[in-house]
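Everything below concerns the one structure shown next.
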Amino acid sequence: MGAQRNVLPILFLALISFLTHSVLTQRVTINSQTERRALLDLRSSLGLRGKDWPIKTDPCTTWTGIRCQNGTVTNITVSGLRRTRIGRLYPRFNVDSLVNLTRLISFNASGFHLPGSIPDLFGNRLVHLEVLDLRSCNISGSIPSSLGNSFRLSSLYLSNNNLAGSIPSVLGELKNLKSLDLSINSLTGSIPSSFGSLINIEKLQLSSNYLSGSIPLSLSSLKALKVLNVSDNNLSGSIPVQFSNLSKLLELDLSKNSLYGSLPVEFTMLKSLQKMIIENNELDGRLPVDLFSNLVELQVVDLSGNKLDGNVNGSFWSMPNLTFFDVSNNNFSGHLPAPSSNHSVAPGAVFNLSNNQFYGTLDFSLGMFKFIDVSGNYLQGIVNDGERNASVNMNCFYRPNQRSLDDCRIFYNERGLHFDNSGAPPSTAAKSSSGSRRWIFILAGVLGGLGFILVLVLVLVLLLRRYNTGLMNQRRSTDIGPVRESDSAPQLPKDPTNVSG
């Protein structure tokens, strides 16, 4: 007890000493006028506002984004700073004054508009540089090979820019590099095999470029690698079996390429893997039987848009950390395995098994899932209409919006399977009834039209008859009607001799 009482004051004094040292370190004024002028020149060339970097104050104590150690500038962060009006009108990647900051460790301009190419000074002059962050800076040109001279560089972020050309192989000489992000650019060529020498690399991100060729086998020697993302490129070839050696790998994203072959059986050794995303490739063959039962740490599985076939082992239902499982748009077939129990299904997980060739009846309720999509298969039987957490269209279920009866019967007959067609799918009946109604409407329209024409003809005949009758009467009255005396010739006298009377 007494020993504990003696330790507490010592720890308290050590904490006070540490905090005091940190404050003094941060509050120390800049020692070198050369460095002060370099910062003022950088302020001018980047067009930074005086509000963030006031000219009459000490950079180490009051300037936003400046950190110093022993009166020397070590860290510069212009990310988030605003430019003057002139600076916004004429932005440029002019940081030449950095060469006078000889102890600079970190330069962060993430999200800061720097049109132009990366200057060679980062690799040739800033020998103490450990962090270079130029994400989303609108930089262009190629990646300078001079960055291969930055032997102390631990983090290099160049993503989301307009970089083009090939990746310099000399970047593989950066032995201290832990994070390399070149994603979302227009880089071409192959992935340098020299990257296999990045013995301390933990995150390698090369996605959304135009890289081609195969994945280098040398990457399988990166024992510290935790994240590998080469998605959305033009890579081809098979997945290296040697990737099973990446025992610390947490995230593997090979999606949106042209990789072919089967998924290596050896992937069952990736015990730490949390995300496996290999969608939209040309993988074929069967899945390793014990893949999902061994990789219990998996949270995201996306193998959609390939040519994988065979059965799917039902162990995928019960991966305890699973949140998303997608094997849609493949050629998987057979009966859809049932979970061992309702409690074995990963809680909150979303399952997509659509557009495969699963058949037979479901031996479990779809209501146990947060959401499940089994549409576009050949499942048969009856499912509950009230299960709105499921998509079951275009199967052979006895309900609307399903495949035609002929389509289902042909599928089952070709495989020598029994198709339970005790009743035509309602969609077929609906189509038949709707077709019958359509013919009834057409027939009624035709008969109605004929009736109307017949009535019209009869009316016309009657009118013509009445007209003809009137005309004939008029003619008869004109030709043989009575002659009036006044209108006839003068009468002869009764006495024919009296001609004067």
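Val392 has its side chain within reach of Phe397: a pair of non-hydrogen atoms, C-beta onward, lies under 4.5 Å apart. Counting heavy atoms from C-beta outward, Phe112 and Phe93 have side chains that stay 4.5 Å or more apart. Taking 4.5 Å as the limit, some side-chain heavy atom of Ile215 sits within range of a side-chain heavy atom of Leu254. Glu130 has its side chain out of reach of Leu153: every pair of non-hydrogen atoms, C-beta onward, lies at least 4.5 Å apart.
Every side chain to side chain contact (heavy atoms under 4.5 Å, CB included) that Gln242 has, sequence neighbours left out, goes to Leu217, Ser220, Pro240, Asn245.
Below 30°, between 30° and 60°, or above 60°: for Phe325 and Phe316 the angle between ring planes is below 30°, a parallel geometry.
A side-chain N or O of Ser255 and one of Asp253 form a donor-acceptor pair less than 3.5 Å apart. Side chain to side chain, Ser136 and Asn160 meet the donor-acceptor criterion of an N or O pair below 3.5 Å. A donor atom on one side chain and an acceptor atom on the other are found under 3.5 Å apart for Ser208 and Asp232. Between the side chains of Asn162 and Asn138, at least one donor-acceptor pair of N or O atoms lies under 3.5 Å. A side-chain donor-acceptor contact under 3.5 Å links Thr62 and Thr57. A side-chain donor from one of Ser146 and Asp120 sits under 3.5 Å from a side-chain acceptor of the other. A donor-acceptor contact under 3.5 angstrom links the side chains of Asn124 and Asn149, judged on distance only. Between the side chains of Asn70 and Thr72, no donor N or O sits under 3.5 Å from an acceptor N or O.
Between Phe122 and Phe107, the gap from one ring centroid to the other is short of 6.0 Å. The ring of Tyr378 has its center no closer than 6.0 angstrom to the ring center of Tyr359.
Heavy atoms only, all atoms of each residue included: Leu104 and Asn75 are closest at CD1-N, 4.0 Å.
More than 12 heavy atoms of other residues, nucleotides or ligands lie within 6.0 Å of CZ in Arg88, so this atom counts as buried by the packing criterion. In Lys370, the NZ atom is not crowded: 12 or fewer heavy atoms of neighbouring residues, nucleotides or ligands sit closer than 6.0 Å. Annotation for Tyr90: atom OH does not count as buried by contact number, only 12 or fewer foreign heavy atoms lying within 6.0 Å. Counting heavy-atom neighbours within 6.0 Å of Lys307 NZ, excluding the residue itself, gives a total of 12 or less. More than 12 heavy atoms of other residues, nucleotides or ligands shown are found within 6.0 angstrom of CZ on Arg36.
Geometrically, Arg415 engages Phe411 in a cation-pi contact, judged by NZ or CZ lying under 6.0 Å from the ring centre and within 45° of the ring axis.
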